[in-house]
Participant: 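Quick one: structure below, then a few questions.
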Amino acid sequence: MTQAMIDRLTKQQRFLVQQSLAMMDPLYDGEMELLRDEEESGRHNTRSSAHYALALLIRGADGDAGRARKVLERVMDMQFDCPDEIYHGTFRTSPQAALPPAGNYDWKKFAPGFSFFLSETVEKVGRQLTGRLSAEGNLAAAGLDDKTIRQSLRNAVDEVLPPVWRSYDPNWREFIACTFALILDQFEGMLPQELVRRMDEAMKRAAAASIDRRVSDAIPMNSNIVLMHIFIVHYYGHRFANAGWMAHADREAAETMAAYEEFGSLAEFNTSTYYGVDLTVLGMWRVYGKSPSIRQTGRMLEHGLWGNIAQFYNPNLENLSGPFSRAYEMELTGHSSIGVFLYLALGEGYEYMAAVNCETSHDPLIALAGVDLPEELLPQFKAHSGDRRTERRFRELCERDKPGENRNLCTAAAWIEGRRMLGAMSGSRNTNGQMHPATIHWMNARGEKCYLRLLRREKGKGWNTHLRGVIFEAGVEKDLLAVDVRLDTDVDIEVYFEISGPGLSSAEIAPERWLLPNLSCTVSAAAPDPAVYWDREGKLLEIIYLHRPQDGKARMSFTLRLDPLHP
């Protein structure tokens with residue numbers, strides 16, 4: 001049966017499965033019976049291991065089914081079975097991960113947004129504590145500073161109350177439950193009855209806890225997690241004949257569709273990273289949904305999402321223009337699966353769009369779910385359809401903000417032409433560093449891709465953090481990108497333009513003029529004089545503007561006027 005499964009796949013689907021297995025096979029640790037984490041040495045990855053089990057069952061070579069069974073058992077060993085804890089039903093990200101604290105947090109008795117209020121309260125207590133110690137002269141006497149004291153307070157809280165994302169990942173419930181659904185749907189007959197029984201028990205815990213999370217809103221779900229939540233509650237509701245779960249999934253699907261229809265957009269908008277997850281799960285709705293309504297809703301959302309992608313896509317640069325409500329990387333073939341879907345839709349010759357990256361372990365799921373890109377949109381992914389300014393509104397979800405005040409109305413706008421594109425975000429109040437409010441993509445003279453993005457970070461730290469008090473408002477027109485930055489923080493903040501691409505060692509950066517490979521611009525900046533950093537390889541530079549609260553200036557602004565492109 002397993003060989004028949006891979007035989008039934010198209011050539012492109014087989015390519016995805018085989019390529020992912022070529023990446024995962026060498027990562028398999030036979031002693032641990034899990035995949036090693038490609039990005040973190042010495043650790044294993046439970047989510048990727050679940051993907052590997054699915055891929056093994058699809059391939060069905062000698063020994064694959066036995067290995068898959070061992071992996072599934074080991075993944076289930078990593079599930080939390082702690083009914084009173086907020087992390088019940090999710091999975092440890094790795095067996096090497098420290099266990100979260102237990103027994104101190106009766107989380108179901110708290111109102112939605114408790115995590116937000118707790119974080120804010122700890123910060124206020126920290127400021128009050130350091131202020132008092134400083135006034136009493138105790139900080140200086142002990143040789144301490146306020147940052148050290150406040151961090152110690154946060155660390156002490158984290159040792160008592162389980163900090164989400166740091167001590168556990170709630171999303172592992174939904175990710176692994178989706179993978180188990182496909183395994184059970186396609187391969188249940190090949191698995192031992194005891195293993196199936198154990199998988200069912202694990203999924204009962206995962207789905208029930210996912211509902212608790214959704215109903216309580218203790219840890220808000222962004223778009224990709226909502227779509228997975230609906231799918232697993234729907235799928236396992238039908239599998240276990242649980243009418244309450246089925247009704248919950250139907251209500252959530254209807255509410256998600258209604259929210260989408262307001263502006264034709266999801267909360268995670270123009271995001272190469274999370275659109276890939278969305279398309280994967282909506283494909284599961286379409287293929288593995290157990291009711292006509294779920295299948296139809298999934299198809300409508302999937303088609304609408306492809307329309308959003310086409311609106312901001314440039315087939316010459318083979319990328320979304322930005323701005324990005326959430327993203328890790330600027331390249332669509334980086335931390336993203338969208339290129340995989342485009343390869344499935346566009347066919348042979350586009351294999352490079354599905355190149356191996358950190359999302360490749362998801363490709364077996366994509367191979368089974370397939371792609372449903374509307375035929376009328378295909379030309380927009382093959383050839384540039386003309387220069388344009390485009391924009392769309394959406395309601396973001398600020399995961400760390402107060403419930404009821406965390407769905408801000410934003411506008412993503414872009415100028416897109418054949419060899420470059422600019423993106424600008426307005427209205428966002430997201431504290432997440434993954435929000436990229438101002439972006440430029442272009443080609444150098446040799447046709448190589450380059451990009452610019454505006455980021456922020458606390459001095460001495462990275463950009464991919466939650467940081468309050470920094471608000472961007474950006475606008476875009478042809479050859480023009482303008483950004484206003486408001487800063488209300490008590491720590492030093494670096495606002496900086498990160499520029500990446502070949503040949504940057506030859507760039508010339510002056511306060512009022514930037515000369516980059518095939519892109520030159522005049523810069524008007526109401527900001528401190530910048531510092532410029534080049535990496536050793538000459539492929540990355542940063543133009544850094546330092547905000548210091550003691551300077552008493554709470555704003556910066558930048559206007560980049562790009563020289564016209566040569567014909």
Side-chain angles (χ1 to χ4, degrees), residues 6 9 12-25 27-28 34-40 44-59 68 71-72 75 91 93-94 169 171-183 185-187 222-229 231-232 235 268 271-288 298 302 305 309 326-329 331-345 351 353-373:
I6 201 163
L9 299 181
Q12 291 155 260
Q13 290 170 316
R14 287 197 302 274
F15 172 85
L16 295 179
V17 174
Q18 291 163 351
Q19 178 178 254
S20 69
L21 281 163
M23 181 201 78
M24 292 189 286
D25 278 336
L27 296 174
Y28 179 66
L34 291 170
L35 284 196
R36 291 186 296 274
D37 195 314
E38 192 173 26
E39 297 181 344
E40 296 190 51
H44 296 77
N45 190 306
T46 51
R47 182 177 65 173
S48 295
S49 296
H51 298 158
Y52 184 49
L54 173 62
L56 289 168
L57 291 168
I58 294 171
R59 180 172 63 185
V71 171
L72 290 171
V75 168
F91 296 76
T93 57
S94 167
D169 191 323
N171 298 341
W172 251 232
R173 289 187 195 103
E174 287 75 21
F175 276 109
I176 292 177
C178 283
T179 306
F180 274 32
L182 269 60
I183 290 173
D185 200 278
Q186 295 292 330
F187 300 103
N222 225 317
S223 302
N224 74 101
I225 309 302
V226 168
L227 296 177
M228 285 191 283
H229 166 75
F231 174 73
I232 66 171
Y235 183 88
E268 291 172 301
T271 162
S272 56
T273 298
Y274 300 102
Y275 273 179
V277 180
D278 296 340
L279 290 170
T280 304
V281 181
L282 290 172
M284 294 180 192
W285 288 34
R286 170 174 40 81
V287 176
Y288 296 98
E302 188 177 12
L305 186 55
I309 295 171
R326 294 183 70 194
Y328 287 97
E329 298 186 20
E331 285 299 329
L332 185 142
T333 54
H335 202 126
S336 174
S337 297
I338 296 180
V340 176
F341 286 98
L342 288 175
Y343 163 60
L344 288 178
E351 287 83 357
M353 294 290 288
V356 171
N357 63 31
C358 62
E359 298 286 295
T360 296
S361 76
H362 295 80
D363 287 2
L365 287 80
I366 297 172
L368 295 186
V371 63
D372 187 17
L373 198 164

Participant: Could you tell me the separation between the CG atom of L54 and the CG atom of L72, rounded to the nearest 0.5 Å?
Facilitator: 9.0 Å
Participant: Table please: side-chain donor-acceptor pairs of residues 276-285 below 3.5 Å, with sequence neighbours left out.
Facilitator:
from, atom 1, to, atom 2, distance (Å)
T280, OG1, G276, O, 2.8
W285, NE1, L227, O, 3.2

Participant: Let me confirm one number: the NE2-SG distance from H229 to C178, rounded to the nearest 0.5 Å.
Facilitator: 11.0 Å
Participant: Is any side-chain heavy atom of F175 closer than 4.5 Å to one of I225?
Facilitator: yes
Participant: Do the side chains of S337 and I366 get nearer than 4.5 Å, heavy atoms only?
Facilitator: yes
Participant: Parallel, tilted or perpendicular: which one describes the rings of Y52 and Y28, with boundaries at 30° and 60°?
Facilitator: tilted
Participant: How many angstroms lie between atom OG of S223 and atom CG of L305, to the nearest 0.5 angstrom?
Facilitator: 9.5 Å
Participant: How many angstroms lie between CG in D25 and CG in L35, if you round to the nearest 0.5 Å?
Facilitator: 8.5 Å
Participant: Can you check whether R326's main-chain N or O pairs, donor with acceptor, with T271's side chain at less than 3.5 Å?
Facilitator: yes
Participant: Y275 vs I309, test: side chain to side chain contact (heavy atoms under 4.5 Å, CB included). Steps then yes/no.
Facilitator: CA-CA 9 Å; Y275 273 179; I309 295 171; 3.6 Å; yes
Participant: Go through the structure and list residues passing side chain to side chain contact (heavy atoms under 4.5 Å, CB included) with V356, not counting sequence neighbours.
Facilitator: Q19, M23, T360
Participant: Under the side chain to side chain contact (heavy atoms under 4.5 Å, CB included) rule, what do L368 and D185 come out as? Steps first, then yes or no, please.
Facilitator: CA-CA 11 Å; L368 295 186; D185 200 278; over 6 Å; no
Participant: Does R59 use its side chain to pair, donor to acceptor, with the backbone of I6 at less than 3.5 Å?
Facilitator: no
Participant: Mind checking whether L27 and E38 have side chains closer than 4.5 Å, heavy atoms only?
Facilitator: yes
Participant: Show the nearest heavy-atom pair for residues G334 and E329, with the distance to one decimal.
Facilitator: CA-OE1, 3.4 Å
Participant: Less than 4.5 Å apart, any side-chain heavy atom of E268 and any of N224?
Facilitator: yes
Participant: Checking D37 side chain against N45 main chain: does a donor-acceptor pair fall under 3.5 Å?
Facilitator: no
Participant: Does F341 form a side chain to side chain contact (heavy atoms under 4.5 Å, CB included) with L373? I'd like the steps, not just the answer.
Facilitator: CA-CA 9 Å; F341 286 98; L373 198 164; over 6 Å; no
Participant: My understanding is that only residues two or more places apart in sequence, or in another chain, count here; which of them pass side chain to side chain contact (heavy atoms under 4.5 Å, CB included) with Q12?
Facilitator: T10, Y343, L344
Participant: Considering all heavy atoms of both residues, which atom of A181 and which atom of F231 are nearest to each other, and what is their separation?
Facilitator: CB-CE2, 3.8 Å
Participant: Checking side chain to side chain contact (heavy atoms under 4.5 Å, CB included) against F91, which of V75, D169, N171 comes through?
Facilitator: V75
Participant: How long is the span from the CG atom in L182 to the CD1 atom in I58, to the nearest 0.5 Å?
Facilitator: 8.0 Å
Participant: OG of S272 to NE2 of H335: how many Å apart, nearest 0.5 Å?
Facilitator: 9.0 Å
Participant: To check you understand the geometry: which heavy-atom pair defines the closest contact between A345 and V371, and what is its length?
Facilitator: N-CG1, 4.0 Å
Participant: Where do L9 and Q13 come nearest, in terms of heavy atoms and distance?
Facilitator: CA-OE1, 3.4 Å
Participant: On a heavy-atom basis, which atom in M353 and which in L332 lie closest, and how many Å separate them?
Facilitator: CE-CD2, 4.0 Å
Participant: Under 4.5 Å between any side-chain heavy atoms of T46 and W172, yes or no?
Facilitator: yes
Participant: Grab the two heavy atoms, one from S361 and one from H51, that are nearest each other, plus how far apart they are.
Facilitator: OG-ND1, 2.8 Å
